[in-house]
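Just below is one structure, and these are the notes that go with it.
Indexing begins at 1, ligand by ligand and atom by atom, following the structure's order. Values in this document were obtained by computation on a predicted structure and should not be read as measured data.
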Amino acid sequence: MAVFTSVSLDDVRTWIAQFPLGDAVALKGIASGIENSNFFLTTEQNGRRTEYVLTIFENLGFEQLPFYLQLMRHLASRGVLVPEPVPNRDGELCVPLQGKPAAIVSKLEGGSQMAPQPVHCAAVGDMLAKMHLAGRDFPLHQPNLRGIAWWHATAPEVFPHLSERETALLRSEIHYQEAFHGSDLYRRLQQGPVHADLFRNNVMFDGNRLTGFFDFYFAGCDTWLFDVAVTVNDWCVDLDTGVLDEPRVRAMLDAYHAVRPFTHDEQTGWQCTLRAAALRFWLSRLYDLYRPRAAEMLTPHDPTHFERILRERIATPAPGLSA
Ligand SMILES: Nc1ncnc2c1ncn2[C@@H]1O[C@H](COP(=O)(O)OP(=O)(O)O)[C@@H](O)[C@H]1O
Ligand SMILES: N[C@@H](CCOP(=O)(O)O)C(=O)O
């Protein structure tokens with residue numbers, strides 16, 4: 001159950017007076033999610049009921065949240081389908097609740113599509129390209145906090161837990177990625193705000209209609225290509241083998257390319273970037289598995305899934321960026 005901080009409807013009734021949303025009439029904890037406490041919040045104003053999502057941030061502090069919340073606001077104002085944060089009467093997007101930072105955002109319709117078909121991948125590719133373009137004039141900057149600096153800092157913490165075979169792979173891949181990240185080619189890749197965690201469970205669909213991207217709390221500035229690679233590695237993969245499913249890859253990449261054409265440099269850097277995206281989640285899953293965990297945290301995700309994907313991306317070239 002992902003409600004780590006308990007809040008009652010009475011608590012919220014008083015707290016919500018600072019927002020121009022009317023009265024709080026219902027509050028329901030959301031079971032899924034592993035980072036924050038999330039609730040569906042219903043408000044009533046002039047006889048009209050509206051549903052929102054109330055998030056209490058368990059790990060992020062007040063100083064870190066403006067980047068994420070302002071980014072969502074910026075994207076929403078440019079027509080990208082993302083939850084829109086609601087400012088309070090003082091214009092603040094993030095305010096304390098039970099002593100922790102909290103925010104209210106609009107609720108997306110629908111549910112997650114956990115068995116995506118090419119039609120869903122195309123919708124994700126199209127919206128991802130629109131999101132990258134819309135982020136070009138976003139004024140705030142924060143690096144991807146799960147980028148190469150984090151890999152360097154984190155690998156030594158997991159090495160003691162790994163087999164020789166795993167250690168060899170992790171060492172050699174970080175070494176390989178250092179060379180790629182230090183190259184002229186890498187410096188020429190287009191960069192901007194990216195979601196950086198656009199997995200199947202972070203996108204809503206109503207049937208085949210995409211209704212939004214959410215969970216922006218790993219977002220940061222990185223190459224657009226990295227975002228594409230993270231997304232392909234999750235949406236277009238055979239979950240048992242880590243092998244990419246070509247029809248889904250083609251649907252996603254072609255839809256992206258139709259909105260924001262890939263560059264020649266991106267074509268060249270594509271295979272390395274798919275490996276970087278696999279490495280990022282292998283390492284974070286290893287770290288989550290081996291670090292001391294708070295008692296209430298849920299079962300960590302399986303790291304071997306991304307180890308398999310990384311080995312597969314090294315062994316087999318993925319379909320190219322354009323057909
Ligand atoms: N804006 C939203 N609209 C609709 N549902 C949402 C929204 N934000 C979160 N949810 C629901 O809450 C669940 C947990 O959210 P998530 O952001 O993944 O949590 P966590 O950050 O704790 O991993 C999601 O799976 C989804 O069902
Ligand atoms: N997508 C990551 C974990 C992040 O969890 P989320 O529920 O906040 O998206 C992974 O699968 O390792």
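Below 4.0 Å from some heavy atom of N201 lie the following atoms of ligand 2, by number and element: 7 (O), 9 (O). Each of the following atoms of ligand 1 lies closer than 4.0 Å to a heavy atom of I30: 11 (C), 12 (O), 13 (C). Taking every non-hydrogen atom of F40 and a distance limit under 4.0 Å, the qualifying atoms of ligand 1 come out as 5 (N). Close contacts of ligand 2 with N202, meaning ligand atoms under 4.0 Å from a residue heavy atom, involve 9 (O). Of all atoms in ligand 2, listed by their number and element, those nearer than 4.0 Å to a heavy atom of R285 are 10 (C), 11 (O), 12 (O). Near P83, with a cut-off below 4.0 Å to any heavy atom, the atoms of ligand 1 are 1 (N). Applying the 4.0 Å criterion to heavy atoms of D215 picks out, from ligand 2, the atoms 6 (P), 8 (O), 9 (O). Listed by number with element, the atoms of ligand 1 under 4.0 Å from a non-hydrogen atom of E35 are 20 (P), 21 (O), 22 (O), 23 (O). Close contacts of ligand 2 with F281, meaning ligand atoms under 4.0 Å from a residue heavy atom, involve 2 (C), 10 (C), 12 (O).
Put simply, the side chain of W235 gets close to the backbone of L198: a donor and an acceptor are under 3.5 Å apart.
Between the choices F214, F39, F213, the shortest heavy-atom distance to atom 10 (N) of ligand 1 belongs to F214.
Taking 4.0 Å as the cut-off, M204 counts as a neighbour of ligand 1 on heavy-atom distance. Not a single heavy atom of A31 sits less than 4.0 Å from an atom of ligand 1.
Contact annotation for Y217 and ligand 1: no heavy atom of the residue comes within less than 4.0 Å of the ligand. Residue contacts with ligand 1, taken as heavy atom pairs separated by less than 4.0 Å, involve N36 via backbone and side-chain atoms alike. If you look at S106 next to ligand 1, the close heavy atoms, those under 4.0 Å, all belong to the backbone.
The shortest side-chain heavy-atom distance between R275 and L310 falls under the 4.5 Å cut-off. At least one side-chain heavy atom of V237 sits under 4.5 Å from a side-chain heavy atom of I309. Counting heavy atoms from C-beta on, the side chains of L81 and M127 come closer than 4.5 Å.
Salt bridge E312/R308: absent, no basic N to carboxylate O contact under 4.0 Å.
Under the 4.5 Å side-chain heavy-atom criterion for ILVMFWY residues, no single connected hydrophobic cluster contains both V124 and F214.
The protein heavy-atom contact nearest to atom 2 (C) of ligand 2 is D197 OD1, 3.5 Å.
Y68 has its ring centre no less than 6.0 Å from the ring centre of F216.
Residue-to-ligand polar distances keep N201 apart from ligand 1: every N/O pair is separated by 3.5 Å or more. Considering backbone and side-chain atoms alike, L108 places an N or O below 3.5 Å from some N or O of ligand 1. Considering both main-chain and side-chain atoms, K107 never comes within under 3.5 Å of ligand 1 through any nitrogen or oxygen pair.
S77 and R73 form no side-chain donor-acceptor contact under 3.5 Å, judged by distance and modelled atom types alone. Under the 3.5 Å distance criterion, with hydrogens and angles disregarded, a donor-acceptor pair is assigned to the side chains of D137 and H74.
Partners of S8 by side-chain contact (heavy atoms from CB on, under 4.5 Å), not counting sequence neighbours, listed by chain and number: D10, D11.
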Which donor-acceptor pairs under 3.5 Å do side chains of residues 18-26 form with protein atoms, sequence neighbours excluded?
residue, atom, partner, partner atom, Å
Q18, OE1, N88, ND2, 3.1
Q18, NE2, W15, O, 3.1

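Residues P85 and L93 approach most closely at CB-CD2, 4.1 Å, considering heavy atoms.
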